[in-house]
Amino acid sequence: MGEVRAPRASARDEILGRVRSALQGVEPVTTPVVAPPGAAAPASVGLVDHFAERVADYRAVVVHCPPDGLAAAVAAALPEGARVVVPDGLPDAVLAGITAPVRDAGLSAAELDAVDAVVTCCRVGIAETGTIVLDHEPDQGRRALTLVPDRHVCVVYADQVVADVPDAFPLLDPRRPLTWVSGPSATSDIELDRVEGVHGPRHLHVIVVDEPA
Amino acid sequence: MSTPHTFVGMPRFPEAARAALADTQLRHNLAHATGVIRGKRAAVVAEVENWEELRLAGAAVKERALLGLDAQLVQLEESLTARGAVVHWARDAEEANRIVIDVARAHAVDEVVKVKSMVTQEIGLNEALEASGIAAWETDLAELIVQLGGDLPSHILVPAIHRNRAEIRDVFRRRMGQVGRPAPDDLTDEPAVLAGAAREHLREKFLRARMAVSGANFAVADSGTLVVVESEGNGRMCLTLPEVLVSIVGIEKVVPTWAELDPLLRLLPRSSTGERMNPYTSTWTGITPGDGPQEVHVVLLDNGRTRALADEVGRQALRCIRCSACLNVCPVYERTGGHAYGSVYPGPIGAILNPLLKGTGDPQTDSLPYASSLCGACFEACPVRIDIPEVLVHLRSKVVDSHRDDRVPKPEAVAFRGAAWAFADARRLDRAERLSSVAGRVLRRRGRTSLGRLPGPGGAWTDARDLPVPPAESFRDWWKRTDGGRCDG
């Protein structure tokens, strides 16, 4: 890091000193706060369908497939002749749906910008909020992979879906980089009018792999 | 780059508000935008059965972090350092800016990409970088609109809320080409087309940037995790592609444990954009080998926060998670817009946060606690239950207290001293009331129901209010005449 100065001990000590004097006589609360439980999926819909509906609300494309229909569903999610990048640890059942996949061997951002789509798995699906959480393990790849290409095809297995945000927290390791994705990239910065598609993938295609019948 | 624009030297709220109120385009833009977002928020908040319990939990998490802030900060520093991040401490804006400039110089970069961040606006980072020959590119769409237009932000969430689509198209056409890829010739004012132009314009900057600067919505002490909540993906670009990342984090952003982040991630998007969840939330914990920036700096910033923390009534303002729900429900903000508050933190939260961070004594800052009708809508909307009206009243008393020893007393103080003198003696009050009744009868006979602008120092009061003509009969005269209402009419 060359010439970057070491952290200034004096600033640290002064700020902590000011904090302590501001809090004189205050007792800290030592037990973590327990938040109320999240929402349960409506019984009439079921957990996985609730997830699919909520993802679709964000104008993402959501399809269901049986476990043995996964390769076909992946193939159908990709436009003809699309250049597709894949993470190293993508399961064979998913890979089978991709013609001539490009393996991520440390592609540069510019190289990633030249591919059309990326296909990955995820760690958790959250039904109530229609969220997919990536923890960037080998079946999902590093963060840039699911960011630069314009189309993200994401495979979610039914048993990965939980009801609400508090149910996801115990399943996620904060030491991993995490990306919570709720629909395609969007903005409401112009007159609060929601527009899908700014810098992240403009097309989010979610394949829900149902439990075997 | 545009010329640096600043809130420094802004007039007091009442003067700034008068100018804003005269701008009918601005009032139209604001009424439309705040109306839309109020509706969206109400719909998604109503979906959550235990919203009030969730608010209590969110408030409790932030309160717990603040009341043990010294230990929390030390733990955050330890967790971050253990994960390979370099932790810096900055007492004020200048110190924080210096740290960022030093990192940039160490890597010989002449540009940085930026994630939308309130704190970097608070410390004037872009201007400091520019003065050191380093270009700072705002990458959030609204920030881009503000930066290209040489404008000032007017809302926490949607800084260009005061601009409509036609104005934005003009800014893009005029300015994009001067700082990078120009807007396409056939640019229309469709929001989707404008967003597409921003995508093309910024992509080349994302792909070549070597250094990024961000803030953080939350900093988790026990894991060392920073969190950025966003919509467009510009945040992900900045947090992922460059080699070096500097994050400036106000010391009040601490959340004690990973699990306690949960209620805040449930409260923020619904309160802020009126969505069940925002499109992208990124969390990162120091350095991850082979993924994202391999040099990570975190600047822990005070800049007045310890001053706010020392105020027992006011410290609750540090719970703020910058959702901007209080702006959208505020009848004052809806009419004046954000610029009138003269700060990057406008609206009800700005009316308390600015005096708490900066201290009272400056006329502009001192005018802010009065920029409210105390209707309480902000408290109702606040996801972390900041009792803004309570803090406003508290700060008004502080402003008054700070002028008690002035050599030339405020007209308000003179008026109240006069009132105290009159009320202290029944005969004096009698005489004063009789005088005012005579004046009232005369004015009413001339058809007046309210007084116009009062002369002299009283004019400041009547500029923003209608003062009714005094009644023809005082309450005490009425009581005497009617025996307390027993023989009236």
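Residue numbers start from 1 in every chain, and the chains themselves are labelled A, B, ... in the order their sequence lines are given, proteins ahead of strands. Both backbone and side-chain heavy atoms feed into the values below; hydrogens, waters and symmetry mates do not. Because the structure is a prediction, the values reported are computed rather than measured.
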Check: With under 30° as parallel and over 60° as perpendicular, where do the rings of A/H199 and B/F206 fit, or are they tilted in between?
Finding: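 The arrangement is perpendicular - the two ring planes meet at more than 60°.
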
How far does [atom1] of [X] sit from [atom2] of [Y], to the nearest 0.5 angstrom?
X: A/I190; Y: B/L194; atom1: CD1; atom2: CG; result: 4.5 Å
X: B/T281; Y: A/L178; atom1: OG1; atom2: CG; result: 10.0 Å
X: A/D164; Y: B/R276; atom1: CG; atom2: CZ; result: 11.0 Å
X: B/L265; Y: A/W180; atom1: CG; atom2: CH2; result: 5.5 Å
X: A/R143; Y: B/L239; atom1: CZ; atom2: CG; result: 7.0 Å
X: B/W89; Y: A/L16; atom1: CH2; atom2: CG; result: 4.0 Å

Given heavy-atom pairs under 4.5 angstrom as the criterion, report whether the side chain, backbone, both or neither of [X] touches chain A.
X: B/D222; result: neither
X: B/N234; result: both
X: B/A90; result: backbone
X: B/A259; result: backbone
X: B/S223; result: side chain
X: B/L54; result: both
X: B/P256; result: neither
X: B/Q72; result: neither
X: B/L141; result: both
X: B/R270; result: side chain
X: B/L309; result: both
X: B/V36; result: side chain
X: B/R315; result: side chain
X: B/T139; result: backbone

Answer yes or no: is there a side-chain heavy-atom contact under 4.5 Å between [X] and [Y]?
X: A/D150; Y: B/R199; value: yes
X: B/R203; Y: A/V148; value: yes
X: A/P36; Y: B/E49; value: no
X: B/V74; Y: A/R12; value: yes
X: A/R18; Y: B/I251; value: no
X: B/P279; Y: A/E196; value: no
X: A/E27; Y: B/L67; value: no

Counting heavy-atom pairs closer than 4.5 Å to chain B, which one of [options] comes out on top?
options: A/G106, A/P170, A/P28, A/P166; answer: A/P166
options: A/A168, A/A109, A/A186; answer: A/A186
options: A/D113, A/V133, A/T131; answer: A/D113
options: A/R54, A/R194, A/H136, A/Q24; answer: A/R54

Notebook entry, point to check: CD of B/E200: more than 12 outside heavy atoms within 6.0 angstrom?
Noted result: yes

Note to self: I'd like to know whether CG of A/D92 has more than 12 heavy-atom contacts from other residues, nucleotides or ligands below 6.0 angstrom.
What the structure shows: no

Next item on the list: Please look at A/V29 and chain B and tell me whether the side chain, the backbone, both or neither of the residue comes under 4.5 angstrom of a heavy atom of that chain.
Entry: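 Both the backbone and the side chain of A/V29 come within 4.5 Å of chain B.
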
Check: Is it the side chain or the backbone of A/T31 that comes within 4.5 Å of chain B heavy atoms, both, or neither?
Finding: backbone

Next item on the list: May I ask you to say whether B/K116 pairs ionically with A/D189, meaning some side-chain N is under 4.0 Å from a carboxylate O?
Entry: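 Salt bridge between B/K116 and A/D189, a charged N being under 4.0 Å from a carboxylate O: no.
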
Has [X] got a side-chain atom pairing as donor or acceptor with [Y]'s backbone, closer than 3.5 angstrom?
X: B/E260; Y: A/P32; result: no
X: B/D291; Y: A/R142; result: no
X: B/R236; Y: A/T146; result: yes
X: A/S185; Y: B/E232; result: yes

Next item on the list: From the options B/T283, B/T257, B/T225, select the one residue that forms a side-chain contact (heavy atoms from CB on, under 4.5 Å) with A/P174.
Entry: B/T225

Checklist line | Reference residue A/I15; test side-chain contact (heavy atoms from CB on, under 4.5 Å); the match among B/N303, B/L69, B/D70, B/D302 | finding: B/D302

Who among [options] has the most heavy-atom pairs with chain A under 4.5 Å?
options: B/R208, B/E47, B/E143; value: B/E47
options: B/P191, B/P263, B/A65; value: B/P191
options: B/N29, B/I145, B/T288, B/V48; value: B/T288
options: B/L261, B/L66, B/V44, B/L300; value: B/L261
options: B/M237, B/E53, B/R165, B/E230; value: B/R165

Next item on the list: Determine, step by step, whether A/I126 and B/M277 satisfy the side chain to side chain contact (heavy atoms under 4.5 Å, CB included) criterion, reporting the C-alpha distance in whole Å, the side-chain angles of both residues, the deciding distance to 0.1 Å, and the verdict.
Entry: CA-CA 10 Å; A/I126 304 172; B/M277 191 59 88; 5.6 Å; no

